[in-house]
Amino acid sequence: MAGQPKAPFWLAVWAVILGLVGLAAWRAGMFGPRGAADVAPPAPVAGGAPGGAAGGGDGAEGMASEAADTSAPTTVTEYTFTPAEKLPPVKGTSAYKPLEDDTVRFALNVWAGWSPIIYANEGFKAGKVWQTPDGRPFKLELVLIDNPVTMRDAYAAGEVHIGWATLDMVPLFLEGLVDATGKPKDSRVMPRIYQQVDFSNGGDGIVVRDSIKTVRDLVGKKLVLAQNSPSQFFALNMLVAGGVQPGEVDMVYTEDAFQAAAAFNANKELAGCVSWAPDIYNLEKAKGNRMLVTTQTANRLIADVWFARADFAKDHPDKVEAIVRGIFDAMEALKTETARAKVAELMAAGYNIPATDTLAMLGDAHSTNWAENYQFFVNRNNPANFERIWKQAYYLYRRVGAISNPPVPFDQVMDFSVIQKLGKEPRYAETRDEYARALAPKSLSQIRAENEEILTNTVVIHFFPNSADLRKKIVRRVDGKEVEEPYDPAVDLVLDEVGALAQQFGNSRIVVEGHTDGSMKGQVPASMVKDLSRQRAGAVQEALVDRFSFDPNRFAADGLGWDRPADPDQPDNHALNRRVEIKVYSAEKE
C-alpha cells in the first residue's frame, strides 16, 4: 500500500535490533570477553566474563582495556602434630655439666630483650630460689657470653644448659651439629626452642649515605656488616624483599656489628652499614648519613629465642616449664615504671654499663607475651611465624654459601608443648597480641608525601585480560573434556609471600600499585586502563586484609595503567605487565 514501509526498511530495522541484542549479550559476557576470545593454552576455552567481584574492567562504551593473551599465568590453624613425635630422640647418657647446687646455667648476651629473665631472677647471680610446677626448688645463673661463637662452643661442651640466639642464627649453629645428610651428630646437643622472648623493635638498622634512597640504590655499592649474624639476615631480607640479588651488592664483612659501625664511620667508600643500637642512631646523626630502615619498621623479622640442650630438656622438663612461666610473668610485671627502673639497675650491674643506658635500651626490643608466642609457635597461618622465619633463614644462608648441609626441618627443634600447656590457664590464655600498632587513615598522596619509601616488591599475579579477579576461572580442554581451572593457580602462594612481607614490616605503610599491559595502547582511553589497574591493586589489598586480618588503614591502592612495564626492555610481555607492585613506606616518624 501507498505510504507503507518497503521490505528493505524492515530488513534495516531488524538488523539494528539484532545488533543491539548482540551487543547487549556481548557486553554481558555471553560470547566471552569483550574484544577477545577467552582463551588459555593449550586449547581454546569457553565462556567466562571478564572482571569479577572487584569490578573487572568493564571499560568505556564496551571497549576492552587489554587484548586477548594466550600466556598462562587467615584465620588461625594450629599445627596438628605433637612436638614429642617430631623431635629427634635423645640417645646416650646426658653429657652436660652437672647442676651444682641444682643451678641451671642460662647464657645470654648484652641485649634489652633479656630484661624479663634478668628481672625474674633478680639479677645474674644464682641467688633467687625458683620453683618447678610441682614445688621443687632450683636456681638459675645468668652467664654473659656476648660472642655467639663462644656461646655456641660453651653450649656444645655442656658448660651452659641453655643458649641464646635470634631464630635466624640457629641454622648457622646447626651447621656444625649435623652431618652432610642433615642428621644430628650427637642428639644430646640438638637445641630445643621453647620460647620467643622478643622481637627486635628498633635495635637493628641499616644506615646509608644520603644518596641511597631505597634498597634498590644499594646495587653495585659496598655494604658493611657482621657476617653470619642477625645483621646479615636483616640485610639479606631487605635486599630480597626489594628485588635485589645479594650478589648485586658488595658485602664487606667484619667480626661484629660494632666494628661494622666503626668502619662505616671511617670509610666514605662504604655506602651502607648494618649494625645495632646505639651505634646506628649515632651514625644517623652524622652529616651525609640517613637511616634507611630499622626493626621498628621491619618489626617482626628478628626474633630472640632461648633453647635448651636436648639431654637437659629430657632430664628437666619441669625446670624448662618454670623458666617459661617466670619469663612470661616478668613481662607482665615490667609494664610498670618501678619494675623497669629496677631491671635497668640489674642489667647495668650485669652488663657493666650505666643504668641510664640500659633503661634507654628497653625500647629496642618488644617482649612477646603468651598470646604472641602462641601466634609465633602454634598458628601455622601466621605469616611471620617460627616456621617461615626458619625456612627463610635457611634459604638466604644457603643462597650465600654460609650453609652447605641440608636444612634441618623446623619441627626438629621447635617445641611448643609448654606454650600449649600454659594456654589452658586463663592468666596466659587471656593475654592479647600487644604488638599491633593502629595507624590513622592516610590518603595515597599523604603516604607518598609524608613517609619515606624503603623498597618495592613486584608481585607476580597473572591477571586475566580485562579482569581484576584474583580467582578468575577459565575452561580448558583436557583429554577431550572441558575442565574449569584457576587462571593463576599460584595466587594463594603469592598472597602468602606478600602477607609475610607486610607482617614483617608491621610498622609500615603499604601502597599497592596495579598495572596493565599495553596491548590496547592507542585504541582505548588511558583513563579506562588506569581504572582497571586500580581495581587490580584494590583486589590484592582487599585479599591481604581479609586473609591476614591486617589493619586496612596501613594500605592504599593506586592504578598506573600501562605507563610502567615490568621490564622496559620487554614492553610487550603482556602477561608480565598485568601485575601489582608492593611499595613499603616507613611509618616510624608518625
Please examine the side chains of [Y] and [X], heavy atoms only from C-beta on, and report whether any two atoms are closer than 4.5 Å.
{"X": "Phe234", "Y": "Trp276", "result": "no"}
{"X": "Leu167", "Y": "Phe376", "result": "yes"}
{"X": "Asn237", "Y": "Leu301", "result": "yes"}
{"X": "Ile403", "Y": "Leu172", "result": "yes"}
{"X": "Arg380", "Y": "Glu78", "result": "no"}
{"X": "Lys213", "Y": "Glu453", "result": "no"}
{"X": "Trp111", "Y": "Asp364", "result": "yes"}

Can you check whether [Y]'s main-chain N or O pairs, donor with acceptor, with [X]'s side chain at less than 3.5 Å?
{"X": "Asn553", "Y": "Leu439", "answer": "yes"}
{"X": "Glu372", "Y": "Glu434", "answer": "yes"}
{"X": "Asn577", "Y": "Ala566", "answer": "yes"}
{"X": "Thr295", "Y": "Asp204", "answer": "yes"}

Would you please say whether a donor-acceptor pair under 3.5 Å links the side chains of Asn201 and Tyr435?
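A donor-acceptor contact under 3.5 Å links the two side chains.
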Side chains of Trp114 and Asn109: donor-acceptor distance under 3.5 Å anywhere?
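Yes.
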Sort out for me which residue in Phe377, Tyr394, Tyr79 forms a ring-ring contact (aromatic ring centres under 6.0 Å, His included) with Phe410.
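Of the listed residues Phe377, Tyr394, Tyr79, the ring-ring contact (aromatic ring centres under 6.0 Å, His included) partner of Phe410 is Tyr79.
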Evaluate the salt bridge (charged side-chain N to carboxylate O under 4.0 Å, His left out) criterion for residues Asp433 and Arg300: first the C-alpha distance (whole Å), next the side-chain angles of each, then the deciding distance (0.1 Å), finally the verdict.
CA-CA 13 Å; Asp433 187 338; Arg300 293 184 188 265; 3.5 Å; yes
Residues two or more places apart in sequence or in another chain: which of them pass salt bridge (charged side-chain N to carboxylate O under 4.0 Å, His left out) with Glu175?
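With sequence neighbours excluded, Glu175 shows a salt bridge (charged side-chain N to carboxylate O under 4.0 Å, His left out) to no residue whatsoever.
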For Ser533 against Gly561, the heavy-atom pair lying closest together
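Looks like OG-N, 2.9 Å.
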Between CZ on residue Arg536 and CG on residue Leu532, distance to nearest 0.5 Å
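Result: 4.0 Å between the selected atoms.
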Does a side-chain N-to-carboxylate-O contact under 4.0 Å join Arg509 and Glu590?
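The answer is yes: the pair qualifies as a salt bridge.
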Basic-acidic side-chain contact under 4.0 Å: Glu484, Arg476
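Salt bridge absent between Glu484 and Arg476.
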As a test of understanding, state which of Val494, Val459, Val498 forms a side-chain contact (heavy atoms from CB on, under 4.5 Å) with Val580.
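The single option meeting the side-chain contact (heavy atoms from CB on, under 4.5 Å) with Val580 is Val459.
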Answer yes or no for Lys472 and Tyr487: cation-pi contact, defined as NZ/CZ to six-membered ring centre under 6.0 Å and angle to ring axis within 45°.
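The answer is no; the distance or angle limit is not met.
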May I ask you to establish whether Arg554 and Phe550 are in a cation-pi arrangement, using a distance under 6.0 Å from NZ or CZ to the six-membered ring centre and at most 45° from the ring axis?
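Output yes; distance and angle both within limits.
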